[in-house]
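Quick notes on the structure that follows.
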Amino acid sequence: MTTPSSSGRTRGIRRLTRRRAALRLPPRLLRDEYLWYTATLAPIALITAAADGQFADVTVVLALSPVFVGAQALLGMVPSARRPLTDLGWSFLRLLVAFGFVAILVGLVGGPSRPLAALYLPVVVAAAALGLTQGIVLGVLGTAIYLAPILGGPATAGVIASRAVALAGVGVLLAYATRRMMRQLEGAAGTLRQAIVAERRRSRQIAGMEAVSRALVVGGDTSQILRRTLEVLSERFGYRYGSIYLWDGEQLVLGAQQNYSSAPLAIQPGTGIVGRVARNHELAYVADVSEDPDYVAIHDRVVSEICAPLLIEGTFLGVLNVEAVSPLDRTDRDLVATLADRVATVVALGRDRQALSERAALFRNLHEFTGAISLQQQPDDMATSLVSWTDRIVSADLVAITTLDRETGAYLIRAGKGIEARTVGAQIRPGEGVAGRAIRDRVTVVDEHFGPASYPASVRGQAVVSVAIAVGVPLVRDSVVVGAITVGREDATARFQPIELEALELLAGHASLALANAFLHDDVAALALRDPLTGLYNRRYFDETLERILAEHRRERIGDPKPLAAVMFDLDLFGQFNKQHGHQIGDSVLRAFSEILIRRFRASDLVARFGGEEFIAILDGATRDDALRIAEDVRDRVAKLVIADEAGDPLHVTVSAGCAALDEDDPSRETLLRTADVALFMAKRAGRDRVVAA
């Protein structure tokens, strides 16, 4: 709240301020030489009048001085654009005002002796300082007026004393004016010297900048370019100690250094002046390092430091740090800031080149992988190849390939690196480990806190390496997850970069297609080898395989030959059964009988559908009695088989079988099959639903 008394004080202060401002001369008048010379004439005239004892003359001086000094002030305030005369004419006008002031003082002060005639000399000096023409004109005129009294008659002691006083005053004025002029000349010379020094320094800086620019554009790898840059800074600018640190996302890593014997290899944000710049991304100019609490000394002789951030479009790339054993000024600061911009451009270009090189290598490897994997047609072979290519494209300590087992629907490890041999074949359940999570979620899973406890239960404790960070990439084809790739690293700080994850996903895309093609190839191959209704081998495959078995058997006859037997089956009265109950029920009987054969015979036995309702089995290493016993077991199982018709009523079928052993005297396909066929015919003639050996 403002009181009346405080309001009055405020108005008084404002009036006093306005008065002081009114008394203050404009800057233009303070520099006006005409005004200064005219104003300094008045004190000399006043002292001369007082010395002569003529106090009436003092009154004249006091009356005339304000008039002429004021006239000079008014003329000095006229802008050059509004002057009616040329610059030379205006100069003569100003000098004539001073000359007129002296002429009137000479005529009115001191009587006939005219002691103030010496005042013409300062005017002449001022005219000479302003121009040669002015100096000559006013010099001639002033000299004539000054010498006229002496040349015109004898001089008395009073006249001489008066002139001596006037001459002394003029001497003081000239000394002052000369000193003032010399001071101005010295100031101008000093300014000129500073300008010359600054210009020379600027020229050296420009030359240094050109040298830095040449070092930056010569080419080479980024570290070489940075080292060359620091060498130029040391040679051209005398920056004894220099370093460039690059940002890796978490800390500053040394990229290059000059003249340090123990420069830190890494600096955390917030540590020292360099760490401060890494934290706030602002240039640090420290003229005296002893006054900065963040300074970390490496060399005792360092007195100044400049640290500039390397920024490209707001992205922090690192710092350029300069330390010197002599003080650095703001010119150095501006220079380092400019150099930092150029270094930042080089670092950014280097990173772009590296990224392009990595991407080119990635696509080159992927192209080679696509060509190599397309030649693989077996899923197991493909898994082994995929391990090798994954390790080649992305550096890894552990690689595991999991694929879908289509018969069981389970996901099994097919091949790997960094795992034990017994791990191959282990089941990976959806949701277990990074592979199980990738299979379940159908997305790439990155686990940066992976460990033994995160392994799937089926393989826990079986890894050769201890993985700390892992990635699981699903293999998806036509909305079906056909497997997953697991990649792991022991070093927890070796995080997977975006380009590596991109590479793994591209690799997985190609692998998914190749794996799906392998499955399709298996399906096509199976259709060519197996009967589509029963799943047993077809007649074509049986004939080709039997020939290979018999050829091998004939090669082994020299020593102790292995026995070999054949069993031929025929469902009794199956044609009549089909007519009575329909082909769909008949197909069910064929499938049920095939399942009995698959369960009863060994995986090493050759079991095939021979044609229609006839089936045959080749038992390598079995005698005729072995074949008879197995065939009898099959016949018994078929007799107990129950097939429901469309109404749900139970139906029964029987089977007859003929057994034969390979004749060592005639180990041919024709003889073996003919003998088994004869035995089957005998079983049919004997009443069916029985087994006969021939």
Side-chain angles (χ1 to χ4, degrees), residues 373 376 378-497 500-501 503-505 507-512 514-516 518-519 522 603:
I373 205 71
Q376 303 287 340
Q378 296 299 322
D380 289 343
D381 295 339
M382 185 177 300
T384 303
S385 179
L386 188 55
V387 169
S388 174
W389 279 100
T390 302
D391 188 36
R392 175 177 172 180
I393 293 175
V394 178
S395 176
D397 300 309
L398 180 144
V399 179
I401 306 301
T402 303
T403 60
L404 174 66
D405 182 21
R406 293 188 297 167
E407 292 185 2
T408 63
Y411 292 94
L412 307 177
I413 296 178
R414 299 294 188 184
K417 167 195 173 184
I419 61 176
E420 294 185 357
R422 58 178 175 153
T423 304
V424 176
Q427 181 178 357
I428 303 298
R429 300 182 184 278
E432 292 184 343
V434 290
R437 289 157 58 189
I439 291 171
R440 181 192 63 192
D441 301 333
R442 300 189 177 198
V443 295
T444 299
V445 176
V446 180
D447 191 340
E448 296 185 348
H449 303 285
F450 199 73
S454 303
Y455 290 6
S458 60
V459 299
R460 197 165 296 162
Q462 298 182 24
V464 175
V465 296
S466 179
V467 174
I469 181 172
V471 173
V473 185
L475 304 178
V476 182
R477 187 64 184 173
D478 296 333
S479 73
V480 177
V481 180
V482 295
I485 301 174
T486 302
V487 180
R489 289 174 177 168
E490 294 181 282
D491 185 1
T493 63
R495 291 183 172 87
F496 289 93
Q497 300 302 315
E500 293 180 312
L501 296 177
L504 285 174
E505 291 176 351
L507 179 71
H510 291 296
S512 300
L515 191 58
F519 287 157
D522 281 350

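Starting from 1, each residue takes its place in the sequence as its number. Because the structure is a prediction, the values reported are computed rather than measured. The figures here come from the full heavy-atom set of this structure, side chains too, leaving out hydrogens, waters and symmetry mates.
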Which atom pairs, one a donor and one an acceptor, fall under 3.5 Å between side chains of residues 443-452 and the rest of the protein, sequence neighbours left out?
residue	atom	partner	partner atom	Å
T444	OG1	E505	OE2	3.0
D447	OD1	H449	N	3.0
D447	OD1	F450	N	3.4
D447	OD2	R437	NH1	3.3
E448	OE1	R495	NE	3.2

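Note that CD1 of I419 is 9.5 Å distant from OG1 of T486, once rounded to the nearest 0.5 Å. To the nearest 0.5 Å, the span separating OG1 on T402 from CG on L475 amounts to 8.5 Å. Considering CG of L404 and CD1 of I428, their distance stands at 13.5 Å, rounded to 0.5 Å. Note that CG of D397 is 8.5 Å distant from CG of D391, once rounded to the nearest 0.5 Å. Atoms OG1 and CG, from T390 and L398 in turn, are 11.5 Å apart once rounded to the nearest 0.5 Å. For the atom pair CG of L412 and CG of D405, the computed distance is 5.0 Å after rounding to the nearest 0.5 Å.
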- Applying side-chain contact (heavy atoms from CB on, under 4.5 Å), run through I413 and I401 and close with a yes or a no. CA-CA 6 Å; I413 296 178; I401 306 301; over 6 Å; no
- Please walk me through it: do S388 and K417 pass side-chain contact (heavy atoms from CB on, under 4.5 Å)? CA-CA 8 Å; S388 174; K417 167 195 173 184; over 6 Å; no
- Would you sort out whether V399 and L386 count as a side-chain contact (heavy atoms from CB on, under 4.5 Å), showing the intermediate values? CA-CA 9 Å; V399 179; L386 188 55; over 6 Å; no
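Checked by atom type and distance alone, the side chain of S458 pairs as donor or acceptor with a backbone atom of Q427 at under 3.5 Å. In this structure a side-chain-to-backbone donor-acceptor pair under 3.5 Å is present from Y411 to V481. At distances below 3.5 Å, at least one donor-acceptor pair connects side-chain atoms of T423 with backbone N or O atoms of E420. A donor-acceptor pair under 3.5 Å links the side-chain atoms of S512 to the main chain of V476, judged by distance alone.
Surrounding CZ of R429 are at most 12 heavy atoms belonging to other residues, nucleotides or ligands under 6.0 Å away.
Every residue two or more places apart in sequence or in another chain that forms a salt bridge (Lys or Arg N to Asp or Glu O under 4.0 Å) with R489 is listed here: E500. With sequence neighbours excluded, no residue forms a ring-ring contact (aromatic ring centres under 6.0 Å, His included) with F496.
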